[in-house]
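Values reported hereafter were calculated over all heavy atoms of this structure, with side chains retained and with hydrogens, waters and symmetry mates removed. All figures in this text were calculated on a predicted structure; none of them were measured in a lab.
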Amino acid sequence: QVQLVESGGGLVQAGGSLRLSCAASGHTFGSYAMGWFRQAPGKEREFVAAISRRGGSTRYADSVKGRFTISRDNAKNTVYLQMNSLKPEDTAVYYCAADSQSFIATTEPSYDYWGQGTQVTVSS
């Protein structure tokens, strides 16, 4: 089992940047594909970005492609989401998730473990 704790959220103006971190417990972090999802008020949770176990493959939602970058440091048991050129529509609670089975995944059912989320608010 793995526990995930997100950090780095906050309030930022449109056009600004934030870097989210997700720290994982345990000694098997490198055996999990990781993903970031987000949920805006009144909307369903949606996929943002995913990364394979060694970080060699990534996937992005079209809405964030070119602005967000997912990365991981297996030595630090941490996955990151660098968010640039933020827009008000990026406002949401951001969740990281771990997938023990897939090479890389973009859908919620693939993920076994979830963090509690961190709030990102982008003002116009």
Side-chain angles (χ1 to χ4, degrees):
Q1 191 170 1
V2 62
Q3 293 183 327
L4 304 172
V5 179
E6 302 95 337
S7 62
L11 173 64
V12 63
Q13 288 187 333
S17 298
L18 282 175
R19 188 176 82 155
L20 305 184
S21 300
C22 174
S25 64
H27 302 286
T28 58
F29 178 71
S31 65
Y32 292 90
M34 299 297 295
W36 286 96
F37 290 75
R38 68 186 181 186
Q39 187 168 22
K43 295 186 177 181
E44 294 187 351
R45 190 156 55 185
E46 65 176 2
F47 168 74
V48 175
I51 191 166
S52 58
R53 294 168 185 169
R54 296 187 178 183
S57 294
T58 57
R59 299 287 188 273
Y60 296 94
D62 288 343
S63 59
V64 307
K65 203 170 293 183
R67 301 187 298 121
F68 290 12
T69 303
I70 188 171
S71 61
R72 67 188 297 162
D73 185 338
N74 286 351
K76 295 183 178 180
N77 284 11
T78 302
V79 62
Y80 305 97
L81 185 68
Q82 178 67 45
M83 306 186 294
N84 298 329
S85 302
L86 282 161
K87 304 175 181 179
E89 51 262 44
D90 294 318
T91 295
V93 177
Y94 284 70
Y95 300 89
C96 73
D99 177 353
S100 63
Q101 300 294 323
S102 307
F103 170 71
I104 193 167
T106 62
T107 58
E108 286 191 51
S110 296
Y111 287 87
D112 308 293
Y113 304 103
W114 293 82
Q116 293 301 305
T118 185
Q119 175 71 46
V120 171
T121 303
V122 184
S123 63
S124 57

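Taking the side chain as every heavy atom from C-beta outward, R53 and F103 never approach each other to under 4.5 Å. The side-chain heavy atoms of L81 and T69, taken from C-beta on, include no pair separated by under 4.5 Å. Annotation: side chain of M34 is in contact with side chain of F29 (closest heavy-atom distance under 4.5 Å). Looking at heavy atoms from C-beta onward, L20 lies in side-chain contact with M83 at the 4.5 angstrom threshold. T91 is listed as a side-chain neighbour of Q119, based on a closest heavy-atom distance under 4.5 Å. At a threshold of 4.5 Å between non-hydrogen side-chain atoms, the residues L18 and L86 count as touching.
Under the 4.5 Å side-chain heavy-atom criterion for ILVMFWY residues, a single connected hydrophobic cluster contains both Y95 and Y111. Both L4 and V120 belong to a single network of hydrophobic side chains, linked directly or stepwise wherever heavy atoms of I, L, V, M, F, W or Y lie under 4.5 Å apart. Linking ILVMFWY side-chain heavy atoms closer than 4.5 Å, directly or via other members, places V64 and V12 in a single hydrophobic cluster. In terms of hydrophobic clustering, with Ile, Leu, Val, Met, Phe, Trp and Tyr side chains grouped at heavy-atom distances under 4.5 Å, Y113 and V48 are assigned to a common cluster. In terms of hydrophobic clustering, with Ile, Leu, Val, Met, Phe, Trp and Tyr side chains grouped at heavy-atom distances under 4.5 Å, Y80 and F68 are assigned to different clusters.
Residues in residues 19-38 take part in these salt bridge (charged side-chain N to carboxylate O under 4.0 Å, His left out) pairs, two or more places apart or across chains: R38-E46, R38-D90.
Residue S124 comes nearest to A14 through the heavy atom pair CA-CB, 4.4 Å, listed as atom of the first residue, atom of the second, then distance. The two residues V2 and A98 make their nearest non-hydrogen contact at CG1-CB, 4.0 Å. Taking each heavy atom of S52 and G56 in turn, the nearest pair found is OG-N, 3.3 Å.
With hydrogens and angles left out, the side-chain atoms of D73 and T78 include no donor and acceptor closer than 3.5 Å. A side-chain donor from one of Q82 and N84 sits under 3.5 Å from a side-chain acceptor of the other.
The CZ atom of F37 sits 12.5 Å away from the CD atom of E44 when rounded to the nearest 0.5 Å. One finds the CG atom of N74 at 10.5 Å from the OG1 atom of T28 (value rounded to the nearest 0.5 Å). A distance of 10.5 Å separates OG in S17 from CZ in R67, rounded to the nearest 0.5 Å. Summarising the geometry, atom CD1 belonging to I70 is positioned 9.5 Å from atom SG belonging to C22; distances are rounded to the nearest 0.5 Å. In this structure, OG in S57 is found 5.5 Å from CD1 in I104, a value given to the nearest 0.5 Å. The structure places CZ of R72 at 9.0 Å from CG of N77, a figure rounded to the nearest 0.5 Å.
Between F47 and W36, the distance separating the two ring centers is not shorter than 6.0 angstrom.
Between the side chain of T118 and the main chain of G9, a donor-acceptor pair closer than 3.5 Å is present. A donor-acceptor pair under 3.5 Å is formed between the side chain of E6 and the backbone N or O of Q116.
The neighbour count for K43 NZ, taken as heavy atoms of other residues, nucleotides or ligands under 6.0 Å away, does not exceed 12.
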